[in-house]
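Below is one structure, written out as structure tokens; the observations come after it.
Keep in mind that this is a model prediction, so the values were computed, not measured. We count residues from 1, following the sequence as given.
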Amino acid sequence: MITHPAFAVEPWSVRETHLDLNVLAQTESVFALSNGHIGLRANLDEGEPFGIPGTYLNSFYEVRPLPYAEAGYGFPESGQTVLNVTNGKIIRLLADDEPFDVRYGRLLAHERVLDLRAGVLRRHVEWESPAGKAVLVNSTRLVSFVHRSAAAILYEVEPVDSALRVAIQSELIANEPAPPTSNDPRTAAMLESPLESEDFSDRDTRVVLVHSTKRSKLLMAAAMDHVVDGPEGTLLTAECDRDVGRVTIATDLAVGERLTMVKFLSYGWSSQRSLPAIRDQVIAAVAKARYAGWEKLLEGQRAYLDDFWSSADVELDGDTELQQAVRFALFHTLQSGARAEQRAIPAKGLTGPGYDGHTFWDTERFVLPVLTYTAPSAAADALRWRHSTLDLARDRASQLGLNGSAFPWRTIRGQECSGYWPAGTAAFHISANVADAVVRYQAAADDEVFELEVGLELLVETARLWLSLGHHDKEGRFRIDGVTGPDEYSAIADNNVFTNLLAQRNLIAAADCVAKHPDEAGALGADTEEAAAWRDAARDMIVPWDEALEVHSQSEGFTEHQVWDFANTGPDQYPLLLHFPYFDLYRKQVVKQADLVLALHWRGDAFTDEEKARDFAYYEPLTVRDSSLSASTQAVVAAEVGHLDLAYDYFGEAALMDLHDIEHNTRDGVHIASLAGAWLAAVAGFGGMRDHDGFLSFAPKLPPRLERLAFGLRFRGRLLKVEATKAEATYRLAEGSPLELSHYGDRIRVARRRPVTQRIPPTVPEGPAPSQPPGREPMPRGRERTEMS
């Protein structure tokens with residue numbers, strides 16, 4: 001964990017007040033910048049020391065083998081791994097011939113600040129060389145939201161108390177050495193120096209490097225250019241080779257003088273375009289960024305984020321640490337997909353190499369609901385990417401003997417890359433999550449072009465999957481057998497509740513869409529007869545229920561399994577998957593992450609209030625949260641059933657996942673789904689927001705620690721503002737035409753300049769707060785801290 005008190009608690013920034021090399025890799029992830037297309041880990045400007053060097057282009061990957069001890073039919077033959085591409089962040093400094101390196105000399109001051117409103121990473125350094133020469137270095141780094149292919153760095157050097165001879169080496173470096181990303185030596189060797197030089201050139205202060213991948217046959221280019229302001233006589237030279245481009249700036253600085261350099265970067269890649277096209281693209285992009293200039297790039301970044309925060313900000317009164325954390329979470333969620341533009345949103349965004357850079361179901365289940373209401377165009381683009389992979393999903397379904405489309409458990413390009421089929425291929429709920437994201441986006445955006453071009457086909461193809469994967473049994477019930485739900489400690493189960501209920505919604509939505517657009521559906525071969533079969537399956541869908549316990553069984557027979565021996569499981573034996581065989585986990589009642597409870601949130605319309613309370617109370621003592629995906633869902637449902645202190649504890653865990661390095665793997669990149677889950681915990685949990693059937697409803701309830709919660713939602717061309725205290729909630733329409741919604745079941749109509757204020761009834765939990773497995777309780781932020789303060 002990040003245990004040093006380096007992150008100051010501030011409302012709009014994350015500030016590191018001193019450099020701790022022991023957590024350098026973690027802070028490289030926390031301070032990473034991205035726009036969804038380019039990702040720059042927060043490696044130090046000078047390049048060394050580093051935890052994990054990282055510069056990423058969304059969906060730029062290499063193919064690697066997936067070795068099996070025993071192969072089987074339908075097993076994926078190859079995997080995909082995101083590559084650390086040409087590094088343009090490096091700016092080396094020599095002061096009187098001494099290389100600036102924080103490990104040598106004396107580091108008098110070191111501060112980094114991630115500014116969440118300006119969208120930049122600032123660094124301030126005071127360093128004394130081994131020879132006793134003191135120098136000030138200030139840098140500001142941005143990855144542009146406005147200029148999709150561009151990034152820039154402002155770098156300033158000045159002497160402190162005596163004149164300095166200064167040289168700056170601004171570099172582009174391909175195939176830089178890095179720690180191995182795989183424990184398999186064959187894969188590690190394949191990913192060592194993965195880029196092959198195709199072209200390189202320099203002109204004045206501009207350098208361009210072009211490379212290709214050896215197996216995936218992708219082509220990329222990187223360019224850098226510079227604007228320098230220094231004393232008269234400042235010398236500039238440029239040089240390049242196959243894997244290195246360098247611009248050197250040399251000058252003498254008197255006390256009071258400053259050397260300022262702005263480094264402009266651009267990146268581009270393609271699987272189809274020619275080398276001249278890619279090369280010329282980055283030359284044009286870097287020229288455009290240089291023409292705009294540093295100040296205009298800053299202004300554009302701030303304006304983009306001002307617009308985002310004006311609608312997306314979540315305000316918390318009563319907990320300054322979580323206020324900072326939820327804004328940090330929203331910032332990284334936005335960065336993950338803002339300009340991805342029909343590329344995947346990886347589980348780590350573009351902040352690190354974790355999970356090989358793959359996207360999972362996390363995107364549609366946790367990230368897209370947030371983007372749908374805060375940055376809807378980004379949500380639409382992510383779904384357009386899924387649509388672009390339909391041919392691959394159809395092929396995968398056909399290989400598995402199924403109709404329709406089966407989306408991959410993990411992937412970069414669209415092919416299945418999971419070598420463990422019980423938790424990969426069998427997790428068909430990914431396709432239902434894609435369909436659910438389509439339904440929610442369409443309901444919130446009312447985007448007819450999207451519905452016709454993307455939504456209809458995605459719904460039709462996924463509905464066809466369920467009809468072939470499931471079947472009607474002899475009693476006329478529709479079953480979906482042999483699948484794996486969200487809980488990865490259960491596998492190959494029959495009638496997983498989450499899967500069945502999401503499939504049910506998928507089938508109904510597809511049938512409705514076919515009825516709404518019969519001509520366009522006909523072009524896909526879908527007609528009213530097929531749609532009627534989908535409705536029949538949805539109507540007859542099995543939802544397992546344990547009559548004796550009066551709770552829903554996560555899947556058929558789950559509640560009859562032996563309960564895991566939690567009392568004799570030590571704290572050092574978590575996560576369980578690293579200490580116990582899957583065989584044992586699969587046959588016991590132990591839940592890795594919210595599964596049935598996840599259904600209580602996203603298909604809450606299928607449960608009564610009493611069922612939700614009883615189900616939550618049953619599954620809470622079984623859920624060990626060996627996944628970062630769980631806390632936010634447990635927060636949402638705990639709040640709904642009235643356990644506000646527990647919900648607040650889970651909210652803190654989701655929001656602080658990376659700032660506190662709770663899972664001990666932030667070094668590999670931040671947890672985008674958990675960070676998105678912080679918004680869900682605030683808005684769906686304590687704001688009580690639900691969007692079943694495209695209708696917005698709210699039931700706000702604040703925990704003891706919070707005095708006020710405020711948030712905004714974009715919905716069908718409107719901007720709705722919600723503000724809740726412990727006593728009342730106010731709904732205000734900031735943009736758009738009047739909107740009907742509900743507050744605790746009462747329908748209200750909100751119009752501009754006509755806010756509506758409603759009383760919040762007292763929260764009465766149904767029964768005592770449930771316990772968790774021993775040692776797996778969330779860190780307390782609610783009742784215990786309230787009583788101590």
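The aromatic rings of Tyr441 and Phe450 sit perpendicular to each other, their planes meeting at more than 60°, with 30° as the lower class boundary. Below 30°, between 30° and 60°, or above 60°: for Phe558 and Tyr619 the angle between ring planes is below 30°, a parallel geometry. Ring geometry for His358 against Phe360 counts as tilted: the plane angle lies between 30° and 60°, on a 0 to 90° scale. Using cut-offs of 30° and 60° on the angle between ring planes, the pair Trp361 and Trp409 is parallel. The aromatic rings of Trp12 and Trp309 sit perpendicular, their planes meeting at an angle over 60°, well past the 30° parallel limit.
Within the structure, every pair that satisfies the ring pair (Phe, Tyr, Trp, His ring centres under 6.0 Å) test and touches residues 312-337, not counting sequence neighbours, is listed here: Phe328-His332. Residue pairs that meet the side-chain hydrogen bond (donor to acceptor under 3.5 Å, both in side chains) test with at least one member in residues 430-439, sequence neighbours left out, are Arg365-Asn433, Arg365-Asp436, His429-Asn433, Asp436-Arg440, Asp436-Arg505.
Environment of CZ in Arg539: crowded, with over 12 heavy atoms of neighbouring residues, nucleotides or ligands closer than 6.0 Å.
Ion pair Arg708/Glu315 flagged as a salt bridge, since at least one NZ, NE, NH1 or NH2 atom sits closer than 4.0 Å to an Asp/Glu carboxylate oxygen. Between Glu653 and Arg781 no salt bridge is recorded (no basic side-chain N to carboxylate O distance below 4.0 Å).
Distance check, rounded to the nearest 0.5 Å: CE of Met689 to CG of Leu680 gives 7.5 Å.
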Point to revise | Step-by-step salt bridge (Lys or Arg N to Asp or Glu O under 4.0 Å) determination, Arg747 to Glu740 | key: CA-CA 7 Å; Arg747 294 214 170 201; Glu740 189 174 272; 2.6 Å; yes
